[in-house]
Amino acid sequence: KTEEFAAHLSQMKVGEFSKWRRARLYGGVKVYVEIEKGATSADSVIVLSSEKSRSILGDYKLRWKIETLFNNLKGRGFEVEET
């Protein structure tokens, strides 16, 4: 299936967003897929979710902001856990 994701991503334009309407089986698990193509492959995002959502990618971006905040609070000079 990763080839399917990569092939789809290669057909997209930079900044383009794609939400697959049907769930796909990936590793024996039913998943929903959203893809956003960035300027480079490192900037592109493929998000799989076992839960159907209006915005899987939006949910992921929010979660990533929260994860980054906690990571910064635990390290990078803030050291909240040691305080």
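- A donor-acceptor pair is defined here as one N or O able to donate and one able to accept, closer than 3.5 Å; no such pair exists between the side chain of Lys37 and the backbone of Ser18.
- Remark: Asn71 engages no residue in a side-chain hydrogen bond (donor to acceptor under 3.5 Å, both in side chains) (not counting sequence neighbours).
- Residues satisfying the side-chain hydrogen bond (donor to acceptor under 3.5 Å, both in side chains) test with Glu34, not counting sequence neighbours, are none.
- A single hydrophobic cluster is not seen to contain both Leu57 and Leu62; linkage of ILVMFWY side chains at heavy-atom distances under 4.5 Å, directly or through other members, places them apart.
- Atom-to-atom distance recorded for Arg63:CZ and Thr68:OG1 is 11.0 Å, nearest 0.5 angstrom.
- Under the ring pair (Phe, Tyr, Trp, His ring centres under 6.0 Å) criterion, Trp64 pairs with no residue at all, not counting sequence neighbours.
- Here the NZ-CZ distance, from Lys19 to Arg21, works out to 9.0 Å after rounding to the nearest 0.5 Å.
- Annotation: the span from Met12 atom CE to Ile35 atom CD1 amounts to 6.0 Å, rounded to 0.5 Å.
- Counting non-hydrogen atoms of neighbouring residues, nucleotides and ligands closer than 6.0 angstrom, the CZ atom of Phe70 reaches no more than 12 such neighbours.
- Every residue was checked against the salt bridge (Lys or Arg N to Asp or Glu O under 4.0 Å) condition with Lys30, not counting sequence neighbours, and none meets it.
- Nearest heavy-atom pair across Ala7 and Ser10 is O-OG, 2.8 Å.
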Please report, to 0.1 Å, the donor-acceptor pairs under 3.5 Å made by any side chain of residues 44-52, with sequence neighbours excluded.
from  : atom 1 : to    : atom 2 : distance (Å)
Ser44 : OG     : Gly38 : N      : 3.0
Ser44 : OG     : Thr40 : O      : 3.2
Ser49 : OG     : Glu51 : N      : 3.1
Ser49 : OG     : Glu51 : O      : 2.9

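- Under a 3.5 Å cut-off, the side chain of Arg22 and the backbone N or O of Trp20 do not form any donor-acceptor pair.
- By the rule that hydrophobic residues join a cluster once side-chain heavy atoms approach within less than 4.5 Å of another member, Tyr26 and Ile56 end up as members of separate clusters.
- In terms of the side-chain hydrogen bond (donor to acceptor under 3.5 Å, both in side chains) criterion, Lys74 has no residue partners (sequence neighbours excluded).
- Under the 4.5 Å side-chain contact rule for hydrophobic residues, Val33 and Val29 share a cluster.
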